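Below: one structure, written as structure tokens.
Quick caveat: nothing in here was measured; it's all calculated off a predicted structure.
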There are 2 protein chains.
Amino acid sequence: MSIEKLTNEVRREQIARAALHLLATQGLNGLSMAALARSVGIVPSAIYRHFRNKEEVLDAVVDALRQRLLGNVRVVTEESDEPLDQLRRLLALHVRLILEHHSLPRMLFSGEIYAGHPERKARLLATIQAYLAEVAAIIRNGQAQERVRPEVSPETAAVLFLGVIQPSAILWHLSEGTFDAAKHVERAWPLFRQAIAVQ
Amino acid sequence: MSIEKLTNEVRREQIARAALHLLATQGLNGLSMAALARSVGIVPSAIYRHFRNKEEVLDAVVDALRQRLLGNVRVVTEESDEPLDQLRRLLALHVRLILEHHSLPRMLFSGEIYAGHPERKARLLATIQAYLAEVAAIIRNGQAQERVRPEVSPETAAVLFLGVIQPSAILWHLSEGTFDAAKHVERAWPLFRQAIAVQ
DNA sequence: CTCCAATGTGAATACTTGTTCACATATTAA
DNA sequence: TTAATATGTGAACAAGTATTCACATTGGAG
């Protein structure tokens with residue numbers, strides 16, 4: 001009956017990861033401090049050694065996800081030079097993010113997480129807009145290389161890019177995996193390409 | 001200090017409408033029986049004269065929304081014969097639905113409402129799939145009329161159709177109206193059309 | 001090895017949750 | 001007008017919420 005003690009840094013990350021998982025599987029209502037503590041094997045009050053309150057836990061989750069999203073953009077711009085190819089790869093990475101973290105991206109984009117909390121709401125909007133800006137930049141670059149039609153609005157196309165992924169994430173989650181998100185995105189990509197690419 | 005009494009039918013609808021509004025503005029967490037009762041000017045226990053429990057309230061909300069969604073499809077098929085025109089109109093109606101009911105469709109499609117409740121989860125999936133099937137039917141009809149390219153998968157295109165609307169609904173809600181959903185959809189429509197239509 | 005700060009515990013806090021029940025009032029039918 | 005029924009009230013409920021606090025235990029630095 002020995003109590004295992006972990007250093008703050010480690011526990012903090014462990015808690016954030018568990019919170020992310022709870023949020024993805026059970027929704028915001030499922031993320032109680034009690035449930036969170038149970039899922040990492042400690043007592044609720046112990047969480048407060050690592051986080052000031054629940055707000056800080058949620059902020060950590062949002063931060064973690066923002067890093068993953070923007071990290072994906074960095075990866076594809078390093079892997080490829082061709083804008084349309086970059087977008088195709090980004091789509092695949094985003095799908096993998098969804099499959100890994102269950103439906104957390106769905107949650108991020110659903111806005112459930114911020115309900116009634118204007119401060120985090122703003123941070124969430126900023127995160128999504130940062131991601132959109134990166135996608136728009138890729139599309140703008142595609143226009144410079146004459147791969148994307150010039151009359152296409154990069155901002156509009158970027159939002160539509162999100163639309164390629166998001167509904168499939170929801171359907172995948174709702175159908176408990178029956179709906180194949182990866183396959184859908186694979187099929188939707190040619191449509192998106194047709195929507196923005198030259199000829 | 002006279003207590004106003006309404007007939008079951010009226011009160012039921014009033015409660016369902018208030019629940020819908022609470023859900024749209026505050027999220028699932030904001031929809032407590034206490035808050036719901038307060039918003040219609042009665043005491044929490046009085047709700048149980050009209051609904052067996054909270055489940056039944058949520059079911060009523062989902063039902064109301066399903067009727068609106070499928071009703072929109074019926075409207076556009078009566079208003080127009082040209083499939084692409086039908087889709088354009090359906091898009092506009094869906095946007096109006098979002099603007100009216102704040103972000104309830106966002107919520108429906110986000111899956112927040114069912115978290116941890118498999119029975120309603122299934123009903124929700126069925127609702128969305130019914131809507132998708134209607135959209136796919138329009139697209140299939142478009143292929144028969146040689147307005148939509150034959151190699152396009154109607155099911156995939158229907159999901160992408162959702163993707164035209166959904167992200168904009170979220171951004172509109174997150175940005176507190178700063179992001180103009182109607183304008184985005186207006187601009188995204190030519191892209192979607194380009195994606196599926198014959199040139 | 002000893003001591004101390006860091007980490008975990010369990011009880012207690014005040015509040016909110018959904019729901020039930022006996023009672024009161026308003027509306028409707030006889 | 002009276003009686004019956006539908007609707008609303010307020011108190012009580014057990015369970016769950018986030019959070020605080022005094023105390024116990026651990027791991028590592030001296």
*Inter-end axis angle, the helix from C/dC1-D/dG30 to C/dT17-D/dA14, with every axis fitted to five base pairs (rounded, 10 degrees)*: 20°
Round to the nearest Å and state the distance from [X] atom [atom1] to [N] atom [atom2].
X: A/E9; N: D/dG28; atom1: CD; atom2: P; value: 14 Å
X: A/R11; N: C/dT7; atom1: CZ; atom2: P; value: 10 Å
X: B/Y48; N: D/dT9; atom1: OH; atom2: C1'; value: 15 Å
X: A/R12; N: C/dG8; atom1: CZ; atom2: P; value: 13 Å

*Ignoring backbone atoms, establish whether B/H50 has a side-chain N or O less than 4.0 Å from OP1 or OP2 of D/dA6.*
no
*Have a look at A/L36 and say if it touches a base, only the backbone sugar-phosphate, or nothing, with a 4.0 Å heavy-atom cut-off.*
nothing
*Going by an N to O cut-off under 4.0 Å, is there a salt bridge joining A/R187 and B/E155?*
no
Nearest atoms (heavy-atom pairs only) where [X] meets [Y]:
X: A/Q166; Y: B/I170; result: NE2-CD1, 2.6 Å
X: B/A197; Y: B/R149; result: O-NE, 3.3 Å
X: A/A19; Y: A/V61; result: CB-CG2, 3.8 Å
X: B/Y131; Y: B/F161; result: OH-CE2, 4.3 Å

*Side chain of B/N53 (C-beta onward), nearest among C/dG8, D/dT17, C/dT19*: C/dT19
_Candidates C/dT9, D/dG8, C/dT17 - which lies nearest the side chain of B/R49_ = D/dG8
_For D/dG10, does the base pair up with any side-chain atom of B/S45 as donor and acceptor (N or O, under 3.5 Å, distance only)?_
yes
*Residue mapping more 5' on DNA chain C - nearest nucleotide basis, A/I42 or B/K54*: A/I42
